[in-house]
Amino acid sequence: MRELPRQCQPRAARPAPAAPRARPAAAAMALTLFDTDEYRPPVWKSYLYQLQQEAPHPRRITCTREVENRPKYYGREFHGMISREEADQLLSVAEGSYLIRESQRQPGTYTLALRFGSQTRNFRLYYDGKHFVGEKRFESIHDLVTDGLITLYIETKAAEYIAKMTINPIYEHIGYTTLNREPAHKKHMPALRDEHDGKESTGQDEVAEKRVHTFRGPHWCEYCANFMWGLIAQGVKCADCGLNVHKQCSKMVPNDCKPDLKHVKKVYSCDLTTLVKAHFTKRPMVVDMCIREIESRGLNSEGLYRVSGFSDLIEDVKMAFDRDGEKADISVNMYEDINIITGALKLYFRDLPIPLITYDAYPKFMESAKTTDPDEQLEILHEALKLLPPAHCETLRYLMAHLKRVTLHEKENLMSAENLGIVFGPTLMRAPELDAMAALNDIRYQRLVVEMLIKNEDILF
């Protein structure tokens with residue numbers, strides 16, 4: 001078995017094709033001064049992770065002869081119309097061996113034959129642009145088999161353990177707990193009109209939407225603390241608070257989830273949606289407060305956002321927000337250099353565990369930058385914005401409106417939309433892939449995305 005990584009139980013997944021980088025699952029936020037409870041981070045359970053590491057690896061059994069009428073979406077693993085007995089003999093070489101055969105009883109239908117547990121398992125195989133035998137759909141047969149072997153191995157070895165996973169959950173201790181009573185300050189709030197979409201919010205809780213999600217890199221369930229196994233669709237993610245859980249654990253989570261402010265330990269490095277849900281705001285207070293301060297005294301500052309402030313003082317601002325939240329003092333009396341405030345705002349976006357332009361939406365935004373037709377660019381950007389969670393989209397809208405106002409003072413501050421794109425491109429977007437060269441090549445397109453968002457802010461939002 002491979003050696004486990006050292007950070008907070010294992011954080012590196014089993015090697016698999018095109019496996020993306022692990023990202024922090026969910027981070028916690030600002031400890032209020034009146035909170036007397038000691039915060040204890042959850043202990044992630046490694047048993048299922050270890051089992052995934054031990055699962056058999058796929059071993060393709062290639063066909064040595066030319067097969068007529070082989071479907072174009074299958075490779076050399078396709079053996080044509082052979083019997084179950086022939087397939088069984090070919091697969092007997094090792095655990096994890098697999099091949100594809102055409103059914104003799106139903107020509108035109110295909111079977112994935114897989115060796116597991118010293119016997120051959122047969123699965124009806126389908127293709128609709130992706131390969132599947134059940135709910136999950138895969139780009140390649142190799143990925144389908146890898147995921148299948150992991151699932152078979154874990155569910156065989158740990159069936160009883162999985163059945164008891166929901167006992168003693170950690171959910172109440174990590175910052176997502178449903179509040180037992182409505183906060184006093186919210187009870188008397190009048191109906192609010194959201195300036196972003198024009199709809200009224202009555203203060204009533206809506207049922208949270210939990211969607212099946214593919215996690216990039218290893219993730220642990222934030223209900224039971226167990227590893228979320230498999231290559232894709234390992235669990236579900238709450239669209240409101242960002243909670244990541246197994247599908248079976250999601251049934252135990254209340255639908256009116258709200259992060260419990262008592263367990264929110266930081267402002268920086270915290271999931272953006274969790275932060276705004278915990279504080280009942282539309283945007284993170286860091287963004288609102290820094291932008292207000294910058295617009296009140298810094299719009300004419302030469303090199304605004306390009307010039308760096310003193311790093312120790314930027315760190316002081318970060319600590320002030322983490323400690324005092326919206327009571328943090330970032331006025332001119334405390335920080336005369338406006339570049340310290342711009343540096344603190346940029347640091348907030350860089351520290352987000354999930355970037356402002358999320359990993360899921362990233363490919364669509366990049367597609368817009370690589371398109372040459374201006375009208376098509378805007379259409380793709382419109383579609384890309386729809387992929388962002390509400391809190392991310394609202395924060396991006398507010399930031400782009402601010403940066404547009406910065407460009408109106410370009411004669412004084414020398415900051416055009418293009419210059420701001422260079423600064424904010426890598427700050428707001430991060431490539432999900434591990435490939436360093438690919439990520440480097442993306443930087444020019446990241447700059448273009450932000451430049452387009454600034455220039456077309458009034459149309460896009």
Side-chain angles (χ1 to χ4, degrees), residues 13-19 48 51-163 211-215 228-236 246-248 250-251:
R14 121 200 213 99
L48 298 180
L51 288 182
Q52 174 158 315
Q53 297 294 88
E54 295 169 2
H57 289 264
R59 179 171 176 173
R60 184 172 73 154
I61 303 300
T62 58
C63 186
T64 56
R65 58 185 173 82
E66 284 300 321
V67 180
E68 292 184 3
N69 302 321
R70 181 175 65 193
K72 61 182 180 180
Y73 39 83
Y74 296 141
R76 301 291 295 181
E77 70 275 3
F78 183 73
H79 286 248
M81 197 176 287
I82 63 173
S83 66
R84 287 192 173 210
E85 291 73 23
E86 289 175 284
D88 189 54
Q89 186 174 359
L90 289 168
L91 296 173
S92 62
V93 291
E95 284 282 284
S97 299
Y98 71 94
L99 59 81
I100 298 171
R101 61 183 180 84
E102 185 175 1
S103 172
Q104 292 179 328
R105 294 180 180 176
Q106 295 179 286
T109 63
Y110 305 99
T111 298
L112 171 67
L114 174 66
R115 190 74 172 180
F116 179 81
S118 299
Q119 58 180 304
T120 300
R121 313 268 183 123
N122 292 281
F123 303 91
R124 177 68 62 86
L125 187 59
Y126 301 92
Y127 181 80
D128 63 356
K130 292 188 177 181
H131 304 278
F132 62 100
V133 297
E135 291 182 358
K136 295 185 179 183
R137 282 165 164 73
F138 298 84
E139 296 289 346
S140 70
I141 292 293
H142 185 277
D143 284 0
L144 186 155
V145 174
T146 301
D147 186 85
L149 287 169
I150 290 170
T151 302
L152 285 169
Y153 189 79
I154 288 178
E155 292 182 353
T156 300
K157 292 280 187 179
E160 187 176 349
Y161 182 90
I162 291 170
R211 301 173 184 167
V212 174
H213 191 78
T214 293
F215 297 97
M228 300 169 75
W229 64 89
L231 287 191
I232 67 167
Q234 302 97 327
V236 299
H246 292 111
K247 192 172 181 179
Q248 60 265 48
S250 68
K251 299 170 185 175

Point-to-point distance, once rounded to the nearest 0.5 Å, from [atom1] of [X] to [atom2] of [Y]:
X    : Y    : atom1 : atom2 : value
R115 : R59  : CZ    : CZ    : 12.5 Å
I162 : K157 : CD1   : NZ    : 13.0 Å
L90  : I61  : CG    : CD1   : 7.0 Å
W229 : Q234 : CH2   : CD    : 10.5 Å
T214 : M228 : OG1   : CE    : 10.0 Å
L114 : I100 : CG    : CD1   : 11.0 Å

Which pairs count as ring pair (Phe, Tyr, Trp, His ring centres under 6.0 Å) when at least one residue sits in residues 143-163, sequence neighbours excluded?
Y47-Y161

Stepwise side-chain contact (heavy atoms from CB on, under 4.5 Å) test for K130 and F138
CA-CA 5 Å; K130 292 188 177 181; F138 298 84; 5.9 Å; no

Residue list, side-chain contact (heavy atoms from CB on, under 4.5 Å) with R76, at least two apart or on another chain
R60, T62, E66, R70

Is it true that, when you exclude R124 itself, more than 12 heavy atoms of the residues, nucleotides or ligands shown sit nearer than 6.0 Å to its CZ?
yes

Assess whether atom CD of Q89 is packed by more than 12 heavy atoms of other residues, nucleotides or ligands within 6.0 Å.
no

Go through F116 and E95 one step at a time and tell me if the side-chain contact (heavy atoms from CB on, under 4.5 Å) criterion holds.
CA-CA 5 Å; F116 179 81; E95 284 282 284; 4.1 Å; yes

Apply salt bridge (charged side-chain N to carboxylate O under 4.0 Å, His left out) to R101 and list each qualifying residue two or more places apart in sequence or on a separate chain.
none

Would you say the side chain of T146 lies within less than 4.5 Å of the side chain of H142, judging by non-hydrogen atoms?
yes

With the side chain counted from C-beta on, respond yes when P71 and Y127 share a heavy-atom pair under 4.5 Å apart, and no when they do not.
no

Do T111 and N122 have side-chain N/O donor and acceptor atoms under 3.5 Å apart?
no

Test side-chain contact (heavy atoms from CB on, under 4.5 Å) on H57 and L149; report intermediate values, then the result.
CA-CA 7 Å; H57 289 264; L149 287 169; 6.0 Å; no

So which atom in [X] and which in [Y] form the shortest heavy-atom distance, rounded to 0.1 Å?
X    : Y    : result
L99  : H79  : CB-CD2, 3.6 Å
L51  : A158 : CD1-CB, 3.7 Å
Q106 : S103 : N-OG, 3.0 Å
V133 : L125 : CG1-CD1, 3.7 Å
S250 : V236 : CB-CG2, 3.5 Å
G235 : F215 : N-CE1, 3.9 Å

May I ask you to decide if the ring planes of Y74 and F78 are parallel, tilted or perpendicular, using 30° and 60° as cut-offs?
parallel

Does L112 form a side-chain contact (heavy atoms from CB on, under 4.5 Å) with R121? I'd like the steps, not just the answer.
CA-CA 8 Å; L112 171 67; R121 313 268 183 123; over 6 Å; no

